[in-house]
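Below is one structure, written out as structure tokens; comments come after it.
Indexing begins at 1, ligand by ligand and atom by atom, following the structure's order.
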Amino acid sequence: MFGLIGHLTSLEHAQSVANELGYPEYGDQGLDFWCSAPPQIVDNITVTSITGQKIEGRYVESCFLPEMLATRRIKAATRKVLNAMAHAQKHGINITALGGFSSIIFENFNLQQIKQIRNLKLEFERFTTGNTHTAYIICRQVEEAAPKLGIELSKATVAVCGATGDIGSAVCRWLSVKTNVAELLLIARDRERLQSLQSELGRGKIMELEEALPQADIVVWVASMPKGVEIDPQKLKQPCLLIDGGYPKNLATQVQHPEIYVLKGGIVEHSLDIDWKIMNIVNMDVPGRQLFACFAESMLLEFEKLYTNFSWGRNQITVAKMEQIGQISVKHGFRPLMSF
Ligand code: NDP
């Protein structure tokens, strides 16, 4: 059985869907109430591969909300992630994806040191961040969408916002080696990490966002921001492809401009309907078939009986592992979301 640990995008979102999640009493409650809520399995899932194979899964709502980070409720945030992991393990789930902020919290607050959750010893090999598949899907979105907009990749400048992150660094590796884009612009706040990525890649220009945006044909957003940024479409090239891979989305507003194309990044579409209700709650356009690539990674590992933390730690995603998960993804009928 596979598992998905997820969370909602904001307190407002959580209050509006509390009923559907099975928490009617949380509908008018504030952040403190959500801080004390235990994790809960809120969906049973069946996925059928195009090979005909069927698998079963569970969705674990961690009750984490991004406002917990924004208001420095760090203890609550870390407790949410660990308790959700313990809950998944207790229910016998073999491989569980840590969706959205779950893996970021796990890494940033060194939760690998905390193995004991009450009477349960966490077995980390039962979990995956799902970031290898996410990075692969974002790269495929770049490769497939750019030519449709008349952007020639070998001449294109690609800005990666969140370049030093787990997903961002993997995207940079792939775009350097496999796609060989003309120019990579590396954006993040920590200068030292940017320099070390630049020397690993042997290429790329370190830049501030404001400086990079007007130069980029393609912008990949994979920063871990609890709130999105506003951008002025007038400052972008035309055409410009924006791939928004953040959760919550990195772009605060929908950019309305005929020559600016925004693609939901790191989202896959399955070839067959998935039997679940959870993707209605996270506002997918086609909830029966569309999902986060990180969640799909745990499904793929379950299909292949690869019970291992395929994606783990930080900045260790190789192009070879992206290719491996990519092949499995295609084999079972997943494809990158391509609708603007
Ligand atoms: P990491 O924490 O590993 O990396 C985050 C990156 O963003 C770092 O480079 C960080 O560098 C940068 N960053 C953070 N804040 C800012 C800022 N204000 N301005 C510029 N750069 C910033 O995160 P992941 O790679 O694991 O995840 C990235 C995003 O992808 C997240 O939003 C996550 O929720 C989403 N995601 C989507 C999935 C999907 O299936 N679609 C799956 C998993 C994650 P620095 O701190 O130096 O600025």
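- At a 3.5 angstrom cut-off on N or O pairs, C161 does not count as close to ligand 1.
- Between the side chain of H133 and the backbone N or O of F295 there is no donor-acceptor pair closer than 3.5 Å.
- A perpendicular orientation is assigned to the rings of W34 and Y26, their planes being inclined by more than 60° (bins at 30° and 60°).
- Looking from atom 41 (N) of ligand 1 to the surrounding protein, the closest heavy atom is G266 O, 3.1 Å.
- Distances between N or O atoms of D190 and those of ligand 1 include at least one value under 3.5 Å.
- Cluster partners of M207 are L185, counting Ile, Leu, Val, Met, Phe, Trp and Tyr whose side-chain heavy atoms approach within less than 4.5 Å, directly or via other members.
- Of the heavy atoms in T134, only side-chain atoms (C-beta onward) come closer than 4.0 Å to ligand 1.
- Counting protein heavy atoms only, atom 12 (C) of ligand 1 is closest to G162 CA, 3.7 Å.
- Protein heavy atom closest to atom 5 (C) of ligand 1, with residue, atom name and distance, is S224 OG, 3.2 Å.
- Under 4.0 angstrom from ligand 1, the non-hydrogen atoms of N131 all belong to its side chain.
- When only non-hydrogen protein atoms are considered, atom 44 (C) of ligand 1 lies nearest to I167 CD1, 3.5 Å.
- For ligand 1, none of its N or O atoms has an N or O atom of S103 under 3.5 Å away.
- Scanning all protein heavy atoms for the shortest distance to atom 33 (C) of ligand 1 gives I104 CD1, 3.7 Å.
- In terms of N/O distances under 3.5 Å, ligand 1 is approached by A223.
- Comment: E143 does not engage K178 in a salt bridge, judged by the lack of any side-chain N to carboxylate O separation of less than 4.0 angstrom.
- Taking only non-hydrogen atoms, the option from M225, R191, K264, R189 nearest to atom 14 (C) of ligand 1 is R189.
- Taking the six-membered ring where tryptophan is involved, the planes of W312 and F124 are tilted, since the angle between them lies from 30° to 60°.
- Salt bridge annotation for R289-D273: present, with a cationic side-chain nitrogen under 4.0 angstrom from a carboxylate oxygen.
- Note: an N/O pair closer than 3.5 Å links C294 and ligand 1 by distance alone.
- Annotation: G165 places an N or O atom under 3.5 Å from an N or O atom of ligand 1; distance criterion only.
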